[in-house]
Novice: 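Before anything else, here's the structure in question.
Below, all heavy atoms of this structure are taken into account, side chains as well, without hydrogens, waters or symmetry copies.
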Amino acid sequence: MKHIFLLFGFLLAAFTAQAATITQKGVQPNDGKGLSYNLYDDGTAQVAGIGTCSNDVEIPATITYDERTWNVTGIDSNAFENSSITSVSGVENITSIGDKAFFKCSALTGTITLNAAITNIGEYAFCSCNNEGLSLSISNLTDATIGGSAFSYCVGLKSIAGTAKSIGKYAFRECSNLTSIGNLLDNVTDIPFHAFYKCSALTGTITLNAAITNIGEYAFRECNNNELSLSISNLTDATIGSSAFYYCVGLKLIAGTAKSIGDCAFSYCSNLTSIGNLLDNITDIPNYAFYKCSALTGNITLTAAITNIGDYAFNNCNNKDLSLRFTNLTNATIGKWAFRSCTSLKSIGGTAVSIGEEAFNGCSNLASIGHLLDNVTAIPNYAFSNCSALTGNITLNAAITNIGQFAFVYSMISNIYCLAATPPTLGNKEALGYSARAVKVPYRAVIPYKHQSSWGSCSNLTISAGDPTSVTTAANSGSTTHWATFSNTYSDSELSVEAGKTLTLYNATVADGKLTLTERTGSSVAKGEAVLVKTDAETVIVTPLLTTDLAKAKDNDLLATPEYATILHSQDGCKYYRLTYNNVTDKTGLGFYLGVATVNGTTYKDGPYV
C-alpha cells in the first residue's frame with residue numbers, strides 16, 4: 001500500500017510540474033537587472049515588468065531570490081507594454097513571450113534575435129513596434145505557436161527562419177520590412193485572414209504545401225514585391241478567402257483544387273501564369289475572382305458544375321497563350337463584365353439562365369456561344385459587342401423579351417433566328433449591329449416584327465420567316481448516340497456533321513399502332529419534310545440549298561413543323577407524333593408520343609405512348 005501512495009505522489013508531482021503556476025508575483029531580486037519577475041513553482045522565472053530598470057533592458061539567464069536560483073525562461077504578458085524601452089538583450093534563453101509583452105514599444109531599436117528556444121509568441125507580443133531603427137529576426141524556430149497580431153505593424157521585423165505549428169490572424173500584418181519567412185509555413189494547415197497582409201518587402205521563394213486547408217481573407221493581399229515567387233502546390237479542396245491574394249504580384253502558379261474561393265481572391269495577380277485544376281470542384285466563381293490576371297496561360301475549362309460566374313470574374317484575362325472554354329454549363333448565372341476584354345475566351349458550351357451587361361464585350365476570339373442563350377429571357381447592353389470572331393447564326397429562344405443597346409454590335413454573325421412570337425424590345429437601332437443581317441422569325445410574327453417601332457426602324461435588318469439552320473441532338477445521360485428530329489420548313493437542305501462523326505437519317509411511318517423506321521439514302525431533306533437524326537455528334541449542321549426541287553420521301557409520315565410551334569395543326573383524321581421524353585425533367589422514356597391535333601373540330605393534346 002505504501003508503494004501505491006508513493007507512485008500516486010510521484011504522478012501528482014509530475015502533473016503539477018507540467019502545469020506550472022505562479023508562487024510569487026513582481027519580486028525584484030538584487031541580481032535581476034532592475035526588472036520585476038513572476039516566480040513559478042517549477043523553478044522558473046518570467047519577466048513581469050520593467051521595475052526600476054533603465055530603458056536599456058538586459059534579461060539575465062538566472063536570478064537569485066529567497067536563497068534560491070531561478071532560470072529566467074520567459075517574458076510574461078504585458079511586461080513592457082507601452083513602455084519607452086529602447087533596447088533589449090539577453091533573450092537567448094527565453095522560450096515564451098506572453099501576450100502584449102512588447103505591445104507599442106515604439107522606441108525599441110537595435111538588434112533582437114529570437115532563437116530556436118522559442119515555443120510560443122503570444123498575441124500582440126510585438127504589435128506596433130514600429131521604429132525603423134529596430135532589426136528583429138527569428139531564427140531556427142521549431143513548430144512554434146505564433147499568436148494573433150503577434151507582429152502586426154512591426155516594421156522592425158526583418159526575417160524569419162524555422163517552422164511554426166500555427167499562426168494567428170493578423171500575425172504579420174503590414175510588416176513592411178519583412179523580407180523572408182523561409183520555411184515558416186511548412187507545417188501550417190491554416191493561414192488565417194490578414195496573416196501577411198501588405199508584407200510588401202517579401203522576396204524569395206515561398207511554397208504553400210498540400211497540407212493547407214484554408215487560406216483566409218486578405219492572407220497575402222498586396223504582397224507585391226516583384227522579387228517574390230509564391231506558389232501553391234497540390235492543394236486538395238482548400239478554402240480560399242476573399243482577397244486572399246489580391247494584388248499579390250508574387251503569386252506565380254497554383255496546383256491542386258479548391259473547395260471554394262472568395263471575391264477578389266486573385267484580382268490583379270499580374271504574374272500568375274497557371275491555375276492548373278484549381279476550379280475542378282468549384283461551383284461558384286465569385287466577383288473579380290481573376291480580374292486582370294493578364295499573365296494566365298495554358299488551358300482552363302469551366303465545367304458543368306459551375307452555377308455562377310460573378311461580375312468581372314475573368315475581366316481582362318487577355319494573354320494570347322491562354323485558352324479559356326466552357327463545357328456543359330447548365331443554366332448558370334453570368335455576371336456583368338464577367339469576361340469583358342477576355343481575349344482568351346474561345347468557345348462556350350451549355351446554357352445560362354442570365355447574363356450581365358457587357359459580359360462578353362471585347363471577347364475578340366470567341367468563335368462560338370453554342371446554346372448559351374437558350375434559356376435567357378433578356379440580352380443586356382453590350383453583351384456580345386466587339387466579339388469580332390463570332391460568326392454564323394444565332395438563335396434567340398421564344399421567351400426573349402429584350403435585346404439591349406449595342407448587344408451584338410461589331411460581331412460578325414450573319415443570320416439571327418428569333419423564335420419569340422412577340423417581338424422583343426430593342427434597346428436601340430444598333431442592338432443587333434450596324435451590318436446588314438437577316439432576321440428569321442415565326443411565320444405569323446413577320447408582320448408584327450416589321451411594324452414594331454424599334455424593329456421597323458432598323459434599316460440594316462431583313463425580316464422574314466424561317467427556322468434555325470442547326471439541330472441540337474437529344475441524348476440519354478452518358479450515351480454517345482444521339483437522336484433528334486429535324487423539321488425542314490425553310491428550303492431544301494443538306495445535313496452534315498463534323499469530320500470523324502457519323503450521321504444517319506430515318507423516315508418514319510405509323511400504321512395500326514406500329515412504328516417503322518426506314519434508313520434514308522444521303523443527307524438531303526426536302527422542304528416540308530421532317531426526319532429522324534441519329535448521330536454521335538453534338539450538333540448537326542443544316543445548310544439551306546435555297547431550292548424547292550427535292551421530292552419528299554414516299555415512305556415518311558413525318559411532316560415539317562416549325563420549332564417555335566406550340567400547337568401542331570392537322571386536317572381531320574390526321575395524327576402527328578412527336579419524338580420526345582415521357583419524363584422531360586428526368587429525360588427518361590424516349591419515344592414517339594401523339595401530338596396535338598384537331599380532329600372533328602376538337603383539339604387533342606399529347607396522347608398515349610405509341
Side-chain angles (χ1 to χ4, degrees), residues 298-304 322-330 343-352 360 363-375 384 387-397 411-417 419 438 440 466-507 517 519-527 529-547 550 558 560 563 579 587 590:
N299 297 316
I300 300 175
T301 300
L302 307 183
T303 69
L322 173 64
S323 181
L324 178 61
R325 302 176 187 277
F326 297 2
T327 61
N328 302 319
L329 290 183
T330 303
T343 56
S344 58
L345 182 62
K346 304 297 182 7
S347 65
I348 301 172
T351 60
F360 301 95
C363 292
S364 56
N365 290 312
L366 177 60
S368 172
I369 63 171
H371 295 273
L372 182 71
L373 304 178
D374 281 7
N375 299 324
F384 296 93
C387 291
S388 54
L390 190 57
T391 60
N393 302 326
I394 297 291
T395 300
L396 307 180
N397 67 69
S411 67
M412 297 296 107
I413 55 176
S414 50
N415 296 328
I416 298 172
Y417 291 86
L419 306 184
K440 306 295 183 180
D467 292 335
T469 57
S470 65
V471 178
T472 302
T473 60
N476 289 310
S477 178
S479 174
T480 56
T481 300
H482 310 301
W483 285 89
T485 56
F486 169 58
S487 294
N488 190 20
T489 62
Y490 182 54
S491 77
D492 297 340
S493 299
E494 186 75 23
L495 277 61
S496 62
V497 293
E498 62 185 287
K501 300 295 184 179
T502 61
L503 173 68
T504 308
L505 306 185
Y506 292 89
N507 296 331
L517 299 184
E519 184 173 339
R520 292 169 66 104
T521 300
S523 56
S524 298
V525 182
K527 179 181 179 180
E529 274 193 302
V531 294
L532 301 182
V533 179
K534 180 182 179 183
T535 182
D536 55 357
E538 293 295 329
T539 301
V540 177
I541 306 302
V542 182
T543 304
L545 301 178
L546 302 180
T547 66
L550 294 178
L558 295 173
E563 286 192 11
L579 179 66
K587 293 185 177 180
L590 182 66

Novice: Measure the NZ-CD1 distance between Lys440 and Ile416 for me, rounded to the nearest 0.5 Å.
Specialist: 11.5 Å

Novice: State which residue, out of Ile541, Thr535, Leu503, fulfils the side chain to side chain contact (heavy atoms under 4.5 Å, CB included) condition with Leu495.
Specialist: Leu503

Novice: Minimum heavy-atom separation for Thr395 to Leu373, with atom names?
Specialist: O-CB, 4.4 Å

Novice: Taking the side chain as every heavy atom from C-beta outward, state whether Asn507 and Leu517 have any atom pair closer than 4.5 Å.
Specialist: no

Novice: Could you tell me if Asn365 and Ser344 have a donor-acceptor pair between their side chains, going purely by distance under 3.5 Å?
Specialist: no

Novice: With rounding to the nearest 0.5 Å, note down the distance linking CD1 in Ile369 to OG in Ser411.
Specialist: 9.0 Å

Novice: Taking the side chain as every heavy atom from C-beta outward, state whether Asn393 and Ser414 have any atom pair closer than 4.5 Å.
Specialist: yes

Novice: Run the side chain to side chain contact (heavy atoms under 4.5 Å, CB included) test on Val540 and Phe486 for me, step by step, so that the C-alpha distance in whole Å, both residues' side-chain angles and the decisive distance to 0.1 Å come before the verdict.
Specialist: CA-CA 10 Å; Val540 177; Phe486 169 58; over 6 Å; no

Novice: Taking atom CG of Leu505 and atom CG of Leu532, what is their separation to the nearest 0.5 Å?
Specialist: 9.0 Å

Novice: Does any N or O in the side chain of Asp492 come within less than 3.5 Å of the main-chain N or O of Ala526, such that one atom is a donor and the other an acceptor?
Specialist: no

Novice: Write down the atom of Ala438, the atom of Asn415, and the distance for their closest heavy-atom approach.
Specialist: CB-OD1, 3.1 Å

Novice: Could you report the tightest heavy-atom contact between Ala389 and Ser364, atom names first, then the distance?
Specialist: CB-O, 3.2 Å

Novice: Search all heavy atoms of Arg520 against all heavy atoms of Val531 and return the closest pair with its distance.
Specialist: NH1-CG1, 3.4 Å

Novice: How long is the span from the OG1 atom in Thr303 to the CZ atom in Phe326, to the nearest 0.5 Å?
Specialist: 11.0 Å

Novice: What's the spacing between Ser323 OG and Ile300 CD1 if we round to 0.5 Å?
Specialist: 9.0 Å

Novice: If you compare all heavy atoms of Asn328 against all heavy atoms of Ala304, which two are closest, and at what distance to 0.1 Å?
Specialist: O-CB, 3.1 Å

Novice: Could you tell me whether the side chain of Phe360 reaches within less than 4.5 Å of the side chain of Leu390, counting heavy atoms only?
Specialist: no

Novice: Rounded to the nearest 0.5 Å, what separation is found between the CD1 atom of Ile394 and the CZ atom of Phe384?
Specialist: 7.0 Å

Novice: Ignoring hydrogens, what is the shortest heavy-atom contact between Leu322 and Lys346? Give both atom names and the distance.
Specialist: O-NZ, 3.1 Å

Novice: Less than 4.5 Å apart, any side-chain heavy atom of Val525 and any of Leu550?
Specialist: no

